[in-house]
Peer 1: 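Sending over a structure as structure tokens; questions will come in a sec.
Only a predicted model underlies this, so the values are computations on that prediction, with no experimental measurement involved.
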Amino acid sequence: MAQTQTNTFTATLDVLASILPTHLRKPRVGIVCGSGLSTLASSLRDKVEVPYNSLKGFGKSTVEGHKSSLAFGLIGEGDGVPVVAMLGRFHPYEGHPLATVVYPIRVLARLGVKHLIITNAAGGLNPNLDVGSIVVIQDHLALPNLTGPLNPLFGPQPFPDYPRFLPLSDAYSVTLRRLAFLAAHSLSFPDSALQEGTYAWVSGPTYETPAEGRFLRSVGADVVGMSTVPEVVAAREEGMEVTVLSLVTNKVVIPDKPRSIKEEVKAELAGKPIPIPPTQVVSHEEVLEIGKQKAEDMRKLVTRMIELLQKQ
Ligand SMILES: O=P(O)(O)O[C@H]1O[C@H](CO)[C@@H](O)[C@H]1O
Ligand SMILES: Nc1nc2[nH]cnc2c(=O)[nH]1
């Protein structure tokens with residue numbers, strides 16, 4: 001297994017080396033673009049895009065709002081910082097094995113990426129988070145990891161020199177989180193535009209029931225999504241510094257109390273009908289629409305973070 005995987009990495013890296021000009025071959029920063037956020041790559045100078053289907057080991061992203069290519073380029077003054085952006089990610093719910101979900105992250109590590117900025121679209125659980133705000137993730141709750149074998153490190157170790165038991169108490173880089181707030185300040189973002197919170201990872205592809213939303217909120221989650229955590233785990237195993245920026249694209253529907261049909265029928269029969277609350281549902285179209293509206297904020301933030309990183 002280890003040998004097969006090593007051969008796949010070698011094949012991927014060889015293709016990239018044959019396509020990329022020398023100054024783009026060793027990216028220092030990696031970006032993962034979440035749903036509807038692929039325009040982050042428009043900040044890249046000297047951009048070269050490599051489709052996933054030309055790279056061995058890469059799957060195909062089947063979700064709307066996710067392209068399927070790696071974009072290489074420069075950000076920042078002078079020679080600039082070499083950057084690689086994943087335009088499109090793989091989710092376990094698409095049927096991709098976890099090894100495929102995190103394969104691009106491991107490729108980024110082998111290219112030399114030291115700092116990884118992961119973005120995603122997420123549902124807001126914390127009522128104080130506005131739709132359109134960006135949350136700097138400070139911690140995560142990985143329900144599929146806690147309850148079942150949906151962890152990219154599950155199984156025989158493909159790389160014997162990696163630790164068997166990976167600590168995650170330091171998963172979210174303080175340095176990069178500070179950089180996010182410094183970047184927001186230098187861009188004069190209003191205070192409410194950039195928040196902090198905990199990401200709950202669920203496997204999807206169903207959105208939450210009200211009871212699930214209430215449960216996730218009650219155990220301390222601020223936002224919820226169907227990606228990111230496997231990427232964080234693999235990136236930490238590869239020794240990268242990681243930060244996650246979640247765009248709140250919708251509020252998870254959590255009514256104060258569940259709608260009681262029993263009470264409604266009783267009230268109706270008593271001649272005192274109570275108002276029927278409107279049905280609220282989230283859709284991927286809504287997620288993509290907010291992504292489209294707010295992608296520019298995310299692009300500015302990530303770009304400024306990299307510019308600040310260049311000065312460090
Ligand atoms: O996490 P990203 O890929 O940004 O996408 C989010 O949006 C999709 C649901 O609308 C899910 O895939 C969820 O995880
Ligand atoms: N699980 C989940 N993922 C999302 N991605 C964007 N919005 C949501 C949401 O409400 N729930």
Peer 1: Please answer: with hydrophobic residues joined when any side-chain heavy atoms are less than 4.5 Å apart, are Leu150 and Val232 in the same cluster?
Peer 2: yes
Peer 1: Step by step, work out the side-chain contact (heavy atoms from CB on, under 4.5 Å) result for Glu49 and Leu87.
Peer 2: CA-CA 9 Å; Glu49 236 178 273; Leu87 311 185; 3.8 Å; yes
Peer 1: Using side-chain heavy atoms (C-beta onward) and a distance below 4.5 Å, is Lys67 in contact with Pro51?
Peer 2: no
Peer 1: Grouping I, L, V, M, F, W and Y whenever their side-chain heavy atoms are under 4.5 Å apart, do Val242 and Val101 come out in a common cluster?
Peer 2: yes
Peer 1: For the residue pair Asn120 and Ser227, confirm or rule out a side-chain donor-acceptor distance under 3.5 Å.
Peer 2: no
Peer 1: Can you confirm whether more than 12 heavy atoms, excluding those of His23, are under 6.0 Å from its NE2 atom?
Peer 2: yes
Peer 1: Of all residues at least two apart in sequence or in a different chain, which pass the ring pair (Phe, Tyr, Trp, His ring centres under 6.0 Å) check with Phe58?
Peer 2: Tyr52, Tyr103
Peer 1: Are Met86 and Ile31 close enough that some pair of their side-chain heavy atoms sits under 4.5 Å apart?
Peer 2: no
Peer 1: Are side-chain heavy atoms of Ile118 and Arg89 found at a separation under 4.5 Å?
Peer 2: yes
Peer 1: Between Asp222 and Arg217, is there a side-chain heavy-atom distance shorter than 4.5 Å?
Peer 2: yes
Peer 1: Counting only heavy atoms not in Asp161 (residues, nucleotides, ligands), do more than 12 fall under 6.0 Å from its CG?
Peer 2: yes
Peer 1: For residues Met298 and Leu245, determine if any side-chain heavy atom of one lies less than 4.5 Å from a side-chain heavy atom of the other.
Peer 2: yes
Peer 1: For Arg110, is the CZ atom crowded, meaning more than 12 foreign heavy atoms sit under 6.0 Å from it?
Peer 2: yes
Peer 1: Are Leu168 and Val233 side-chain neighbours, meaning at least one heavy-atom pair lies under 4.5 Å?
Peer 2: yes
Peer 1: Determine all donor-acceptor pairs shorter than 3.5 Å in which one atom belongs to a side chain in residues 186-195; sequence neighbours excluded.
Peer 2:
unit_1 : atom_1 : unit_2 : atom_2 : d
Ser186 : OG     : Ala183 : O      : 3.2
Ser186 : OG     : Arg304 : NH1    : 2.8
Gln195 : NE2    : Ser192 : O      : 3.2

Peer 1: When you compare the side chain of Glu286 with that of Thr249, does any pair of heavy atoms fall below 4.5 Å?
Peer 2: no
